[in-house]
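This report refers to the structure that appears directly beneath it.
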Amino acid sequence: MKALKVVWGLLVDDARLAIGTLLSFILLLIVSLGLHWKQAAGWIFVVGLVTSIAVSLLHEAAKRSKS
Amino acid sequence: MNGYVAAGSFLGTGVEFVEALTIVLAVATVKGWRSALAGIGAGIVLLAVIVGAFGPLLIRYVPLDAMKMVLGGLLLLFGLRWLRKAILRYAGYKALHNEAEAYEEELKRQQASTRRSGIDAFGFATVLNGVFLEGLEAVFIVLTMGVTAGAMSSAVTGAVAAVVVVCLLGIVLRKPLQFIPENTMKFVVGVMLSSFGTLWVAEGAGAVWWHSDVSVLFLMGIYLVTAGIAVPLLKRKIRERA
């Protein structure tokens, strides 16, 4: 259990970033495998990831301004 | 030799072992080198077992596309986490990691416990824990980059070179390596891991990149620009609050 916690801690320290990454991945699968837009899929994935980083950072900033 | 993989592995492993070295030096100063070296040995054996057990298994039995998606995904999560942390540090939201302070803290912690003759259990456990946990992140980078890029020897070479350099610096200087720009190194590794993770996950899901692997350079550029925009914006938010 402790080992799992250590591994989890290596990968995720902000839920928003992790959820955003997961949603971007789902979008990637839809665009690449569902719609077959293979050339665009990667870049759409990147847009999703950058948005996730932005959301995560803005949330951190909002949290600090409240405290 | 895959230069990108070797460089990522070198930087990632180096930055982790700089932190481990700080713990080792503090324990060795208070509890003696015997306890510290025993802890290092045990930690390295544990890490070698993980690499030896998982590396060949992954290469032999997992299909390449699945490996790209799963290991690339883990690498991506890991890289984005480092990138986010580095941006927050540059913007002043998180304290910059300082090896000299970490060394003093560990020194006090070790001095607070009684020193036992022979191998000191507390000192041994501290070094084992430090080397194993810091090393685990390094092993993670080496395994995911090496296996997914099909360049295990480059990843291992980069990691071994980093360990050798950090050990040599530690032996020669006998003090924490606070002059090494750890935060910058973590930022660079964060950008590299995020870029490779993005590339491989998308490839694993069937996406086709423009000019194939060359796209990784554009991805690095995109993450660098993102950080370049985010840091001043976050700094401005701090100033507005003050």
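Letters A, B, ... mirror the listed sequences (proteins, then strands); counts begin at 1. As the structure is a computational prediction, the values presented were derived from the model and not from experiment.
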Heavy-atom contact with chain B under 4.5 Å, split by part of Ile53(A): side chain

Contact winner vs chain A - Leu80(B), Leu233(B), Leu75(B), heavy-atom pairs under 4.5 Å: Leu80(B)

Largest heavy-atom contact set with chain B, pairs under 4.5 Å, which of Ile44(A), Asp14(A), Val50(A), Thr21(A): Asp14(A)

Interchain contact, Leu234(B) with chain A, by part (heavy-atom threshold 4.5 Å): side chain

Ring centre gap for Trp209(B) and Trp43(A) strictly below 6.0 Å: yes

Heavy-atom proximity to chain A below 4.5 Å, by part of Ile222(B): side chain

Test: Lys237(B) and Glu240(B) ion pair at under 4.0 Å: no

Listed partners of Glu203(B) passing salt bridge (Lys or Arg N to Asp or Glu O under 4.0 Å), at least two apart: Lys68(B)

Greatest number of heavy atom pairs closer than 4.5 Å to chain B - which of Ser24(A), Ala41(A), Ala61(A), Ala18(A): Ala61(A)

Pick from Ser52(A), Ser32(A), Ala54(A), Ala40(A) with the largest number of heavy-atom pairs that fall under 4.5 Å of chain B: Ser32(A)

Heavy-atom neighbours of Phe187(B) CZ exceed 12 at 6.0 Å: yes

Contacting region of Leu83(B) [heavy-atom separation from chain A under 4.5 Å]: side chain

Side chain, backbone, both or neither of Leu76(B) within contact of chain A (heavy atoms, under 4.5 Å): side chain

Toward chain A, the part of Leu219(B) with a non-hydrogen atom under 4.5 Å: side chain

Chi angles and distances behind the side-chain contact (heavy atoms from CB on, under 4.5 Å) call for Val31(A), Lys38(A): CA-CA 7 Å; Val31(A) 175; Lys38(A) 306 250 177 225; over 6 Å; no

Residue list, salt bridge (Lys or Arg N to Asp or Glu O under 4.0 Å) with Arg16(A), at least two apart or on another chain: none

Aromatic plane relationship, Phe140(B) with Phe78(B) - under 30° parallel, 30 to 60° tilted, over 60° perpendicular: tilted

Pick from Leu58(A), Leu29(A), Leu49(A) with the largest number of heavy-atom pairs that fall under 4.5 Å of chain B: Leu49(A)

Region of Thr198(B) in contact with chain A, defined by heavy-atom distances below 4.5 Å: both

Sidechain N-carboxylate O distance under 4.0 Å for Arg109(B), Glu105(B): no

Part of Ala230(B) lying under 4.5 Å from any heavy atom of chain A: side chain

